[in-house]
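Reckoned from all heavy atoms, side chains included, excluding hydrogens, waters and symmetry mates.
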Amino acid sequence: MLKNIAVFGASSTFGLPVTKALVAAGFSVSVLSVDTDAEKELLPEGVELVEGNWMYHHDLKGFLKGKDAVYCCLNVDLKEKPEDFHAESDGLREIINASLEVGIRRLAYMSSILQYSQVENENLWWVFRVKSDAVNFVRDSGIPYTIFYPSTFMENFNHTYRKGKTITVFGESEFPVYFVSVEDYAKMVIKSLQTIGTKDREYFIQGLNCYKINEAAKLYIKHHQSEKLKYRMMPLWQVKLYAWFNPAYKFIYDLSDALNQNNETFMADETWGELGKPEITFTEFARKS
């Protein structure tokens, strides 16, 4: 049975709910941090904070000793450039190397369903290449692994798409996506760690409801109850123009362009059968946000 879990990306937007769920489920959760005081303010009570730098192999190996499994929620930051060190691929490779040395029994990694659908794209955006490298590192590690490919998280409407009282989406999406709550995703991660055994598994994480992003934004505003919000659609040509002055907008443009053109099909039957069906609808999420 897996009991002691090392989490990387524990306090990130989509890592924190999983960290909280692991603690609530009775797992012993450990986090390596160069600033334990700052992490302590964010993480739930019960998480073991270990001071150290995971960029140093000695710190990383010492931290992983005695752990049963590793869960990684590492992403490319919008400030990163292609030639930079990427935590999601380069950092993950270092985690895998140290995990092999200390005998980690399970490696769990959160990728994305959007990345999965882009692998055969000849004009693959460099960020998707980073994510593709990460998937291949996990598959080739020799450690029993679980890879999760979540669809768009509902929680993006609480932060990514929201600034003040305005929900801003970028361009017009051509196809609907199966929005899923990170809360439901966290439950699936827990279920996988409790039941998976030694098999290698890859799961598509999709929710109950399927909407185009623009439709979902308007639906979120309609059902959001705590305050009145406004809808804004920024055309992609405008995003591209802003990219001349702010490199972050180049990242937003490339991501939005790929997301808007992604024809996501439903692939979560097996996931629902093994890890349980999501419970949170999009309108329910909007009402409680």
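Classification of D133 and R129 as a salt-bridged pair fails, no side-chain N sitting under 4.0 Å from a carboxylate O.
Residues satisfying the side chain to side chain contact (heavy atoms under 4.5 Å, CB included) test with D37, not counting sequence neighbours, are D35. A search for side chain to side chain contact (heavy atoms under 4.5 Å, CB included) contacts involving S181 returns M154, E155, E183, D184, I280, not counting sequence neighbours. Listed by chain and residue number, nothing satisfies the salt bridge (Lys or Arg N to Asp or Glu O under 4.0 Å) test with E48 (two or more places apart in sequence, or in another chain). Legend: residues meeting salt bridge (Lys or Arg N to Asp or Glu O under 4.0 Å) with R105, ordered by chain and number and at least two apart, are D68. Here S112 pairs with nothing under the side chain to side chain donor-acceptor pair (under 3.5 Å) rule; sequence neighbours left out. Shown here are the side chain to side chain donor-acceptor pair (under 3.5 Å) partners of S151, two or more places apart in sequence or in another chain: E264. Not counting sequence neighbours, D77 has no partner by the side chain to side chain donor-acceptor pair (under 3.5 Å) test. Contacts of K218 classified as salt bridge (Lys or Arg N to Asp or Glu O under 4.0 Å), with partners at least two apart in sequence or in another chain: none. Partners of D59 according to the salt bridge (Lys or Arg N to Asp or Glu O under 4.0 Å) rule, which considers only residues two or more places apart in sequence or in another chain, do not exist here. In this structure R232 satisfies the side chain to side chain contact (heavy atoms under 4.5 Å, CB included) test together with T166, T168, M234, Q238, sequence neighbours excluded. Judged as a side chain to side chain donor-acceptor pair (under 3.5 Å), and not counting sequence neighbours, T265 has no contacts.
For K65 and F63, the positive end is not near the middle of the six-membered ring at less than 6.0 Å and at most 45° from its axis.
Side-chain contact, D257 with Q261: a donor N or O sits under 3.5 Å from an acceptor N or O.
A donor-acceptor contact shorter than 3.5 Å is absent between the side chain of T36 and the backbone of S33. Looking only at distances, no side-chain donor or acceptor of W272 sits under 3.5 Å from a matching main-chain atom of I205.
Using a 4.5 Å cut-off on side-chain heavy atoms (C-beta onward), H86 and W126 make contact. Counting only heavy atoms from C-beta outward, the side chains of Y71 and F148 approach each other to under 4.5 Å.
For residues 271-288, the set of pairs meeting the salt bridge (charged side-chain N to carboxylate O under 4.0 Å, His left out) definition, not counting sequence neighbours, comprises K187-E279, R201-E274, E284-K288.
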